[in-house]
Amino acid sequence: MQSAIKKIGNSAGVVIPKPLLAEIGAKAGDPVELAVEDGRLVIEPVKRLPRAGWAEDSKRLVAEGDDALAWPEFANDEDEQLVW
C-alpha cells in the first residue's frame with residue numbers, strides 16, 4: 001500500500017489508512033512512538049498501563065466533590081466494622 005509524505009508546516013506527515021491502524025491497534029489521535037531501524041521508519045502505538053491516569057482522575061473527582069458512591073444502597077454487610 002502506498003501513501004505520500006505531505007508538508008505540514010515545518011514538518012511532514014503521512015496519511016495512514018484505517019486498516020493499517022486497526023492492524024496495530026491504534027486510531028487517529030493515539031500517541032505513537034517513532035523510531036528508525038535499518039533505514040526504515042517504525043511507528044508503534046505507545047503502550048499504556050490499563051489503569052494509567054486513574055489516581056489523578058480520582059483526586060480530581062474528590063476535589064470536585066463528585067466522589068460519592070454510584071450505588072450507595074449496595075453496601076457490604078461488614079462495612080460498619082471496617083477500619084481504614
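Both L20 and V32 sit in one connected hydrophobic cluster of ILVMFWY residues. Membership requires side-chain heavy atoms under 4.5 Å apart, directly or through other members.
Environment of NZ in K6: sparse, with no more than 12 heavy atoms of neighbouring residues, nucleotides or ligands closer than 6.0 Å. For I5, the CD1 atom sits in a loose shell: 12 or fewer heavy atoms of surrounding residues, nucleotides or ligands are nearer than 6.0 Å. Residue E64 qualifies as enclosed at atom CD: its count of foreign heavy atoms under 6.0 Å is above 12.
Looking only at side-chain heavy atoms (C-beta outward), V14 and I43 stay at 4.5 Å or farther from each other.
Counting only distance, with no hydrogens or angles, the side chain of K59 and the backbone of L61 share no donor-acceptor pair below 3.5 Å. Panel note: side chain S3, backbone V15; a donor-acceptor pair is recorded below 3.5 Å.
Once rounded to the nearest 0.5 Å, the distance linking CG of D30 with CD1 of I24 reads 8.5 Å.
The shortest non-hydrogen separation linking N10 to K7 is CA-NZ, 4.3 Å.
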